[in-house]
Amino acid sequence: MMFGYARVSTQSQNLDRQLDVLTGFGVPADHLFIEKVSGTTKDRPELTKLQQFLRDGDLLVIESLSRLGRSTKDLLTIIDHFERQGVQVVSIKEQIDTRTPTGKLLTTVLMAMCQFERDIIVQRTQEGLTAARARGRKGGRPPLSQTQIKQALALYDSKKMSIKEICSATRMSQSSLYNAIRRRPLP
């Protein structure tokens, strides 16, 4: 079965152009999933419904790749989800059709580039941590001094400041403050 997905970013924008392109391609009007929500919003109910609805052998038609994904990474994640479901994707504007060898190649290359970018980021992070350790730095926040801990506990016991205010005044995280409270000896 053939289905279509159309999206605009705001309620005031018009979907007519996208709908004309999709129905002109052959998508039945009752097989369209339509939403008016920003592409930067992760919560897109119609897209979620579409991802749950489509089955192996279905075809999803979109007017443009930008209608489907918020970013390259997001777009590739969504296309990969559909591929794993056995759903083929056609983007009319970019002329990408995962039913064809060329469309599959383009999608695979895009996904490989995204994976490569993720791998490079992980590698650089590991290299940076190794270099820092070799210089005696171990990363993370510097340890709290006993003076800081005593001051924070005294402020906590005075009940004159909120947890947030104590943390701001002593430059201590909330989790560190709560850990100090739990670890102190009982009176």
Side-chain angles (χ1 to χ4, degrees), residues 5 7-10 35 37-52 60 62 64-87 89 91 93-94 96 98 102-187:
Y5 177 74
R7 181 191 59 76
V8 289
S9 298
T10 66
E35 65 190 341
V37 63
S38 171
T40 60
T41 304
K42 188 169 181 145
D43 183 30
R44 291 179 277 167
E46 287 299 306
L47 179 59
T48 301
K49 203 183 306 180
L50 180 67
Q51 288 175 314
Q52 295 168 351
L60 171 63
I62 52 177
S64 169
L65 291 173
S66 65
R67 302 298 87 206
L68 192 58
R70 301 183 325 263
S71 65
T72 304
K73 181 180 175 185
D74 182 49
L75 175 66
L76 293 175
T77 300
I78 292 167
I79 290 175
D80 185 52
H81 172 83
F82 286 130
E83 294 269 321
R84 284 186 276 114
Q85 282 182 296
V87 174
V89 179
S91 174
K93 185 176 185 180
E94 291 84 8
I96 294 177
T98 62
T102 303
K104 287 179 184 176
L105 173 66
L106 286 172
T107 304
T108 302
V109 168
L110 288 172
M111 288 184 185
M113 293 301 290
C114 212
Q115 182 62 48
F116 173 72
E117 182 181 8
R118 281 192 296 266
D119 292 346
I120 291 295
I121 289 168
V122 168
Q123 181 182 10
R124 286 182 185 152
T125 301
Q126 292 303 319
E127 289 170 354
L129 290 171
T130 301
R133 283 188 206 108
R135 289 169 178 75
R137 289 178 266 152
K138 58 182 178 175
R141 292 183 182 180
L144 298 169
S145 69
Q146 287 303 313
T147 306
Q148 269 181 299
I149 294 170
K150 286 178 186 176
Q151 180 187 14
L153 290 173
L155 290 170
Y156 177 78
D157 291 337
S158 74
K159 298 183 182 184
K160 292 181 181 177
M161 296 176 85
S162 69
I163 296 291
K164 189 174 181 179
E165 291 170 330
I166 295 168
C167 292
S168 179
T170 59
R171 294 186 311 199
M172 176 185 269
S173 71
Q174 287 187 14
S175 60
S176 294
L177 175 59
Y178 285 122
N179 284 337
I181 293 167
R182 273 194 300 278
R183 290 185 185 138
R184 71 178 171 176
L186 293 172

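The basis for the numbers below is simple: all heavy atoms, side chains too, and nothing from hydrogens, waters or symmetry mates.
At least one donor-acceptor pair under 3.5 Å links the side chain of E94 to the backbone N or O of L65. With R137 contributing its side chain and L129 its backbone, the two residues share no donor-acceptor pair below 3.5 Å. Side-chain atoms of T170 do not come within 3.5 Å of backbone N or O of Q148 as any donor-acceptor pair.
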Review item, side-chain donor-acceptor pairs of residues 160-167, under 3.5 Å, at least two apart:
{"unit_1": "S162", "atom_1": "OG", "unit_2": "E165", "atom_2": "N", "d": "3.1"}
{"unit_1": "S162", "atom_1": "OG", "unit_2": "E165", "atom_2": "OE1", "d": "3.4"}
{"unit_1": "E165", "atom_1": "OE1", "unit_2": "S162", "atom_2": "N", "d": "2.8"}

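Interatomic distance, L68 CG to I62 CD1, rounded to the nearest 0.5 Å: 4.5 Å. Rounded to the nearest 0.5 angstrom, Y156 OH and L177 CG are separated by 7.5 Å. The line from CG of L76 to CD of E83 is 10.5 Å long, rounded to the nearest 0.5 Å. Rounding to the nearest 0.5 angstrom, the gap separating the CZ atom in R44 from the CD1 atom in I78 is 4.5 Å. Within the model, atoms CG of L153 and CE of M172 stand 7.0 Å from one another, a figure rounded to the nearest 0.5 Å.
Using a 4.0 Å cut-off between charged nitrogen and carboxylate oxygen, K49 and E46 count as a salt-bridge pair.
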- Item | Check against side chain to side chain contact (heavy atoms under 4.5 Å, CB included), R184 and D157 | CA-CA 12 Å; R184 71 178 171 176; D157 291 337; 2.8 Å; yes
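Residue pairs meeting the salt bridge (charged side-chain N to carboxylate O under 4.0 Å, His left out) criterion with at least one partner in residues 166-176, sequence neighbours excluded, are absent.
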